[in-house]
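Down below is the structure, laid out as structure tokens.
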Amino acid sequence: MAINKLPNGKYRHDYRVDGKRRYKQFRTKAEALAHELQINSAKAGGTLLDTRQASKTRLHDLYLEWVERIERVGAKGQRPASPVTVAGYRRVYEKHIRPDFEYRTLASISLPVINEWLKAFTADDARQRAYRQLERMLQFAVDSGYLASNPARNATINHVPTPVPVREPAALTAVQLRALADQVASGGRYAGASHDAYRLLILFAGTTGLRWSEISGLRRDALTFGANPQVVVRTTLVPVDGRLQFRETTKGRKPRTVPIPRSVAIDLEAHVRGMAPESLVFTSPSGAELRSSNFARRILHPAVQRCQALDADFAKIVFHDLRRTAVTLAVSAGANVKVVQQIAGHSSAVTTLDVYAQLFADDAQASARAVDALLSAAVKQPDL
């Protein structure tokens, strides 16, 4: 790199970016020296880029690169993202990002542009999801060498609040779980015409902690009975753009084994007797695959309302709360954190402790009281 004086009295700074020669003219030598210092600092910090590429690349072109990578190897480059995740990214882009940014070049997406875009949102949830996705896409642009910095990562970005939960997660007692199972099977649309498979589904979900996609995609060969009944969770049934797809993997990407309470296992064994190994364990009365939206709207939510009419303490739950119910019942029964981790399907016991911290805090107090009782009951042995 060099600074040379030109015949017209100006000064030119010659330098290289990505192995290509660049130059810029200045009125004074001091301005040229200042630019040289800026370039040297950028080189030292690894942020020296050919910004002309960002002026040519549209955000839509970047999006196509980004989502292809997400599908192929995931955000961290370790494993492909699930079809559900990819479909979610596509919906957010089409609805919230593409209308405003499709034809914008990367270089034109500045902090003021992003702030004005954020002002147009009326719902905090949509604003946060769209902002987080734009931030990830622009960070991909930085990591790919298109941009020197991410304009969406800025301390002065318009406030993007975390949406306030519309409801607190809840858990049922063992008595309430059985009451819900009875209402699901013999109340409402099944009044006078019981569908016992749904009773079993609720009890199974509320004691094993399987997710809806894992239960709806559960096959007969995943169940083992006998002295130690258990389920090996390895398949799921997930909706992708309105269509159900079987996945030979779970959210944690590897099978997990969950014990089944004996009383539930007895009914479950009778339910699956005679089924082919690949048959779905739970289906609709007509034998069709289960959809979460239909089950919640037609079966679960009306059953919860009937339970609330009979029990003032019955919480307004959704299906996912049956996972919390399973964990709560396990902790109450004295299960250790590793067993609870199996039930919850977390990749790490640390995650289990973080998510269910209060349950284990209560359990710890109960343990302390039990130890105190032992100490109080202890009698000092006489000296021999």
Side-chain angles (χ1 to χ4, degrees), residues 57-106 108-109 113-144 146 150-153 157-167 211-217 235-253 289-298 301 318-320:
T57 304
R58 300 180 308 162
L59 184 80
H60 185 68
D61 298 325
L62 177 79
Y63 163 74
L64 295 177
E65 287 186 39
W66 176 76
V67 79
E68 187 275 333
R69 172 183 167 80
I70 294 292
E71 286 184 297
R72 183 167 45 84
V73 295
K76 296 181 180 179
Q78 298 176 343
R79 62 191 185 192
S82 72
V84 176
T85 299
V86 175
Y89 285 144
R90 292 187 185 278
R91 284 194 299 271
V92 170
Y93 176 75
E94 293 294 334
K95 184 175 182 179
H96 299 298
I97 300 177
R98 186 171 186 171
D100 293 277
F101 292 98
E102 178 179 6
Y103 298 108
R104 277 190 173 275
T105 63
L106 299 181
S108 70
I109 303 176
V113 169
I114 296 174
N115 278 335
E116 284 299 315
W117 170 64
L118 291 173
K119 288 179 182 178
F121 286 87
T122 57
D124 287 345
D125 181 62
R127 179 189 292 110
Q128 187 194 50
R129 284 186 287 110
Y131 165 69
R132 289 182 62 185
Q133 182 161 324
L134 180 65
E135 179 193 24
R136 290 168 180 166
M137 290 168 59
L138 292 177
Q139 187 57 43
F140 175 70
V142 172
D143 297 339
S144 300
Y146 293 121
N150 185 346
R153 288 189 177 181
I157 201 79
N158 270 355
H159 182 49
V160 183
T162 299
V164 178
V166 295
R167 55 178 295 280
R211 300 174 178 89
W212 171 265
S213 62
E214 295 167 342
I215 290 177
S216 60
T235 58
T236 56
L237 185 62
V238 296
V240 180
D241 293 332
R243 293 186 176 183
L244 293 176
Q245 292 185 7
F246 277 100
R247 302 290 294 174
E248 297 295 332
T249 180
T250 63
K251 185 176 181 181
R253 303 288 175 167
E289 300 161 349
L290 291 174
R291 285 184 176 270
S292 60
S293 57
N294 291 344
F295 184 85
R297 184 178 69 258
R298 300 172 183 174
H301 294 168
V318 296
F319 191 87
H320 200 72

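What you see is a predicted model; the values in this text were computed from it and never measured.
Two residues are said to be in side-chain contact when any heavy atoms from C-beta on lie closer than 4.5 Å; Thr57 and Thr105 fail this criterion. Inter-residue side-chain proximity for Trp212 and Phe295 is flagged as met; some heavy-atom pair is nearer than 4.5 Å. Side-chain contact check for Leu244 versus Pro239: some heavy-atom pair is nearer than 4.5 Å. In this structure, Tyr63 and Ile97 have side chains that are not in contact, with every pair of non-hydrogen atoms separated by 4.5 Å or more.
When all heavy atoms of Arg69 and Lys76 are compared, the closest pair comes out as NH2-C, 3.9 Å. Across all non-hydrogen atoms, the minimal contact from Val92 to Ala130 is CG1-CA, 3.8 Å. His96 and Asp100 make their closest contact through O-OD2, 3.9 Å (heavy atoms, listed as atom of the first residue, atom of the second, distance). Closest non-hydrogen pair, Leu138 versus Pro151, comes out as CD1-CG, 3.8 Å. Residue Glu102 comes nearest to Arg58 through the heavy atom pair O-CB, 3.8 Å, listed as atom of the first residue, atom of the second, then distance. Of all the heavy atoms in Ala152 and Glu135, the pair that sits closest is CB-CA, 3.9 Å.
In this structure Tyr89 satisfies the ring-ring contact (aromatic ring centres under 6.0 Å, His included) test together with Trp66, sequence neighbours excluded. Residues forming a ring-ring contact (aromatic ring centres under 6.0 Å, His included) with His60 (at least two apart in sequence, or on another chain): Tyr93.
Salt-bridge annotation for Glu116 and Lys119: present, with a side-chain N of the basic residue lying under 4.0 Å from a carboxylate O of the acidic one. Salt-bridge annotation for Arg72 and Glu68: present, with a side-chain N of the basic residue lying under 4.0 Å from a carboxylate O of the acidic one.
Atom CE of Met137 and atom CD1 of Ile109 lie 7.5 Å apart (nearest 0.5 Å). Between Glu289 atom CD and Gln245 atom CD the span is 11.0 Å, to the nearest 0.5 Å. Expressed to the nearest 0.5 Å, how far CD of Glu71 lies from CZ of Arg90 amounts to 4.5 Å. Expressed to the nearest 0.5 Å, how far OG1 of Thr235 lies from CD of Glu214 amounts to 8.5 Å. If you take CZ on Phe140 and OH on Tyr146, they are separated by 7.0 Å, rounding to the nearest 0.5 Å. In this structure, CZ on Phe319 lies 13.0 Å from OG on Ser293, to the nearest 0.5 angstrom.
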Dump the intermediate steps for side-chain contact (heavy atoms from CB on, under 4.5 Å) on Leu59 and Leu106, then the final yes or no.
CA-CA 6 Å; Leu59 184 80; Leu106 299 181; 3.9 Å; yes
Chi angles and distances behind the side-chain contact (heavy atoms from CB on, under 4.5 Å) call for Val113, Arg104:
CA-CA 10 Å; Val113 169; Arg104 277 190 173 275; 3.8 Å; yes
